[in-house]
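Structure record follows, encoded as structure tokens.
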Amino acid sequence: MPKPRKIIIDTDPGQDDAVAILLALASPELDVLGITAVAGNVPLSLTERNARVICELAGRRDVKIFAGCDAPLSRKLVTAEHVHGKTGLDGIQLPDPDMALSAGHGVDFLIDTLRSEPAGTVTLCPLGPLTNIATAFCKAPDIVAKVCEIVLMGGAYFEAGNITPAAEFNIFVDPEAAEIVFKSGVPLVVMPLDVTHKALTTRARVEAFRNLGTHAGAVVASWTDFFERFDVAKYGSEGAPLHDPCVIAYLLKPELFRGRHINVEIEKQSPLTLGMTVADWWGVTDRAANAMFMGDVDAEGFFALLTERIGRI
Ligand code: RIB
Ligand code: CA
């Protein structure tokens, strides 16, 4: 087997972040160098706690977890308890974590790791607002060229927004940070709502998690049961979009996804469209392509991979 791919997961757990982290920790193809928590779905005090809960659930108390930024670069934090519940991991009561948070700020962990690892060997996997990544890039511009690739969940084009009619949550929370990342020149792979809304937790798929007969399988089924109620009520869909695991699944089986290498820019001016990802899907501008923007996924293959890996925990 080739050497595992080194990744850092930047996250705001969130049930879907939690499933993504479990998928990564269950996959020997990946070497999770650390997890940096960011304020997003719920405040930082909960996202860092939740990251520890998830790693303990996976039996991985060895994973380094850092608290990062507790607010966007220049705006008031917007959270999403209406989707994820008060704790951010509603759906099942899990024990309080007793593994310690790593000392130091998540942004400094990003900087130190990218400076110490060989150039081009570390992939960043942001699953929440891009505040930590942007702050690291501003504080240490030398690390930008050392990043192998950024594979992130965020944005929307054909699917329109989920927190406003125009914007997806991760980008909307910190559009200034998103602009820094999208203009950084780092190779980007973007999992927007256009693709995550095709990865729905149908009844059969949730039951497949439950039928694993493992504690992790039961927890994931409880999280997805809880997580879906908001999207089912809003979209009338069967199940909820499992957004963040698409990022990790891409690293494991990129062939599950299809998209286009296009220009994507971030709207920051208009209150009406703040945080919109303006994706030049049809190539109508001469703006340089900066992102592989995904539009389709083999949902059956995605859930088969996810269920098999969760079954390993
Ligand atoms: O819009 C969906 C994204 O926002 C997901 O990453 C979810 O966890 C929230 O962070
Ligand atoms: Ca997230």
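Read the numbers this way: they start at 1 and go in the same order the structure lists the ligands and their atoms. Nothing fancy with the numbering, it's 1 onward along the sequence.
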query: Only one of L89, I21, T11 clears side-chain contact (heavy atoms from CB on, under 4.5 Å) with N50; which?
result: L89
message: Taking 4.0 angstrom as the limit and counting only heavy atoms of D17, give me the atoms of ligand 1 inside it, by number and element.
response: 8 (O)
message: If you count every heavy atom of other residues, nucleotides or ligands that lies below 6.0 Å from K198 atom NZ, does the total exceed 12?
response: yes
message: Just by distance, no angles: are the side chains of T87 and D90 close enough, under 3.5 Å, to form a donor-acceptor pair?
response: yes
- prompt: Which ligand 1 atoms does N170 reach within 4.0 Å, using its non-hydrogen atoms?
  reply: 3 (C), 4 (O), 5 (C), 6 (O), 9 (C), 10 (O)
query: Would L127 count as a contact for the Ca ion (ligand 2), in the sense that one of its N, O or S atoms lies under 3.0 Å from it?
result: yes
Whether over 12 other heavy atoms sit under 6.0 Å from E255 CD: yes
statement: So the atoms of ligand 1 within less than 4.0 Å of a heavy atom of E168 turn out to be 1 (O), 2 (C), 3 (C), 4 (O)
statement: One finds that the ligand 1 atoms under 4.0 Å from a non-hydrogen atom of F169 are 1 (O), 4 (O), 9 (C), 10 (O)
message: We want to know whether N41 and H84 form a side-chain donor-acceptor pair, criterion being a heavy-atom distance below 3.5 angstrom.
response: yes
statement: atom 9 (C) of ligand 1 sits nearest the protein heavy atom N41 OD1, 3.1 Å
field: Pair E29 + R309, salt bridge at N-O below 4.0 Å
entry: yes
query: Taking only heavy atoms of H243, which atoms of ligand 1 are found under 4.0 Å from at least one of them?
result: 2 (C)
- request: Could you walk me through whether R5 and C148 pass side chain to side chain contact (heavy atoms under 4.5 Å, CB included), step by step?
  value: CA-CA 10 Å; R5 182 169 182 170; C148 168; 4.3 Å; yes
- prompt: By atom name, which N, O or S atom of D244 is the nearest to the Ca ion (ligand 2)?
  reply: OD2
message: I'd like to check which ligand 1 atoms, numbered from 1 as shown, lie under 4.0 Å from a non-hydrogen atom of M153.
response: 2 (C), 3 (C), 5 (C), 6 (O)
task: Between V83 and ligand 1, find which residue part has any heavy-atom pair under 4.0 Å and reply side chain, backbone, both or neither.
output: neither
message: Please compare D244, I163, V173, L193 and report which has the shortest non-hydrogen distance to atom 6 (O) of ligand 1.
response: D244
message: Going by side-chain contact (heavy atoms from CB on, under 4.5 Å), F209 matches just one of D225, T224, V219. Which one?
response: T224
- request: State whether D12 contributes an N/O/S atom found under 3.0 Å from the Ca ion (ligand 2).
  value: yes
query: Among protein heavy atoms, which lies nearest atom 5 (C) of ligand 1, and at what distance?
result: D16 OD2, 3.3 Å
query: Is there a side chain to side chain contact (heavy atoms under 4.5 Å, CB included) between E267 and F172 once you walk through the steps?
result: CA-CA 9 Å; E267 165 61 64; F172 176 76; over 6 Å; no
message: Please report whether ligand 1 has a polar contact with G14, defined as an N or O pair separated by less than 3.5 Å (distance criterion only).
response: no
